[in-house]
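This report refers to the structure that appears directly beneath it.
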There are 2 protein chains.
Amino acid sequence: MPRPSTPLLSPDRIRSVALEIIDRDGLDGLSMRKLAASLGVQAASLYGHVRTKDQLLNDIASSILSSVDVSGFAVDWREGLIRCARSYRAALSSHPNIVPFLAYGPAGRAESLQRLDLLHGALVDAGWSRREATMIAAGLMYIVFGSALSSFSSGFSADPADYSGRYPHLDRAHLLPAVAHELDRDSFELALAAFVRGL
Amino acid sequence: MPRPSTPLLSPDRIRSVALEIIDRDGLDGLSMRKLAASLGVQAASLYGHVRTKDQLLNDIASSILSSVDVSGFAVDWREGLIRCARSYRAALSSHPNIVPFLAYGPAGRAESLQRLDLLHGALVDAGWSRREATMIAAGLMYIVFGSALSSFSSGFSADPADYSGRYPHLDRAHLLPAVAHELDRDSFELALAAFVRGL
DNA sequence: TGGGTTAACCTAACACTGTTCGGTTAATCG
DNA sequence: CGATTAACCGAACAGTGTTAGGTTAACCCA
């Protein structure tokens, strides 16, 4: 195919279809050839619009994180922490398959830094030292990312035989997958509440 | 090379050298061919001792997690939570490059389940409901894994120019890598203390 | 001591991966 | 109308995990 009358590709369309594939087939399910095929194109054509696969994933991650809400700090810092953590987790858990990618790289994404800066400033304004503010922000990220990884409740097998006998206190662990979603949310809320209350 | 007089390979040796490579070159730095070369062998030979690369990584992960200490529950549940979290984090941060792998898969490793069972039982014995015990255990894992990912402090650039101006409250963020280790530990301790206190 | 079996390694290949190079054609601008 | 540029393609490169089939040494038993 020569140059088409109307372009088939655009960075936006590439990102959007790539995210669909990640959501459907997982992070390993995304390859440049498969992505190109989904776009009706050859793999090499993608590199006219995207610098590298890693950059593509970073851009996708950034666009997901851009929905994080840090407006709560206008009220007070506790409310700010809680709202920020909730919307952060909501953003991540709407596309859980990309979370392991975030676990790799540096947090040097502009979106993250901008929000982190605001969070840090609000904590300092509330009277915390710079060092304390950094640690509190880190602790909040621990809970957010830890819960978003969710290799916890969703990591349990659905087969009772895997647990009964061997792990007496986990004899109902096989029920977890069924209520994993709800339990994950509640566990996150409990951890968040306990953390903020304990500060 | 035909069959050697004394075997060159054993599952233990493979695991140990693989972990060395991961520690030195990162998770992506480990390939079966490179591992084989480090062992003075061809890649195909590994498959006589190891079922698959994924299985190899799982075995390595299990052996790392086997050092997690849950003895603190003999004292009381708060002490148990704190000690368990500390030794869990210590185990992970002694080989930080393998943590992203753990973020992928199910937590269905026998070592994890055994410790989780004990933790769950101790919390129930202390008067928490089964559901609460599950959520508390989950919250603890959030903090442990979140802090072990450490895409936080170690994710900052060492170049001041990346921050100054753009992010007013992060104008000293470039100092983070230098004290990342210490700050990570302190942030973890703060989060852990706040979480347990807040329960 | 000899013969068969098995264990341990090898070479070669398969189907992938991300990425680059050079070519072809259509749209666009002066 | 001519030159430039943008958009796509085919083919290739070096790398990946993994498997099949072959070769030889070590081991066990008669």
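Each chain gets a letter, A, B and so on, in the order its sequence line appears, and its residues count up from 1. Note that this is a predicted model, so its numbers are computed, not measured.
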Any side-chain N or O of [X] less than 4.0 Å from the OP1 or OP2 oxygen of [N]?
X       : N      : value
B/His49 : C/dC9  : yes
B/Ser45 : C/dC10 : yes
A/Thr52 : C/dT19 : yes

Checklist entry - Is A/Asp69 salt-bridged to A/Arg115, cutoff N-O under 4.0 Å? => result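 Judged by the 4.0 Å cut-off on N to carboxylate O distance, A/Asp69 and A/Arg115 do not form a salt bridge.
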Item to check | Salt-bridge criterion met for A/Arg185 and A/Glu189 (N-O under 4.0 Å) | outcome: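 Salt bridge flag = no for A/Glu189 with A/Arg185.
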Once you round it to whole Å, what is the distance between [atom2] of [N] and [atom1] of [X]?
X       : N      : atom1 : atom2 : answer
B/Arg51 : D/dG17 : CZ    : P     : 16 Å
B/Leu27 : D/dG17 : CG    : C1'   : 14 Å
B/Met32 : C/dC16 : CE    : P     : 20 Å

Checklist entry - Where the side chain of A/Lys34 meets the backbone of A/Gly29, is there a donor-acceptor pair that is under 3.5 Å apart? => result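 Judged by distance alone, yes, a pair lies under 3.5 Å.
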Item to check | Check: A/His49 side chain, A/Ile14 main-chain N or O, donor-acceptor pair, under 3.5 Å | outcome: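 The answer is no, because no donor-acceptor pair under 3.5 Å joins these two groups.
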Is [X] touching bases, backbone alone, or none of the nucleic acid, heavy atoms closer than 4.0 Å?
X       : answer
B/Leu56 : nothing
B/Leu39 : nothing
A/Gln42 : sugar-phosphate
A/Ser31 : sugar-phosphate

Next on the checklist: With nearest nucleotide decided by heavy atoms, which residue, B/Gly48 or A/Ala43, maps closer to the 5′ end of DNA chain C?
Outcome noted: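 So the residue in question is B/Gly48.
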Next on the checklist: Counting distance alone, no hydrogens or angles: does the base of D/dG15 have a donor or acceptor under 3.5 Å from a partner atom on the side chain of B/Arg33?
Outcome noted: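 No, no donor-acceptor pair under 3.5 Å.
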Which nucleotide in the set [options] lies at the smallest distance from any side-chain heavy atom of [X]?
X       : options                : result
B/Val41 : C/dC21, C/dC10, C/dA13 : C/dC10
A/Ala44 : D/dT19, C/dT19, D/dG10 : D/dG10
A/Tyr47 : D/dT18, D/dC9, C/dT19  : C/dT19

Next on the checklist: As an exercise, state the distance from CG of A/Leu183 to OG1 of B/Thr134, rounded to the nearest 0.5 Å.
Outcome noted: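 Rounded to the nearest 0.5 Å, the CG-OG1 separation comes out at 6.0 Å.
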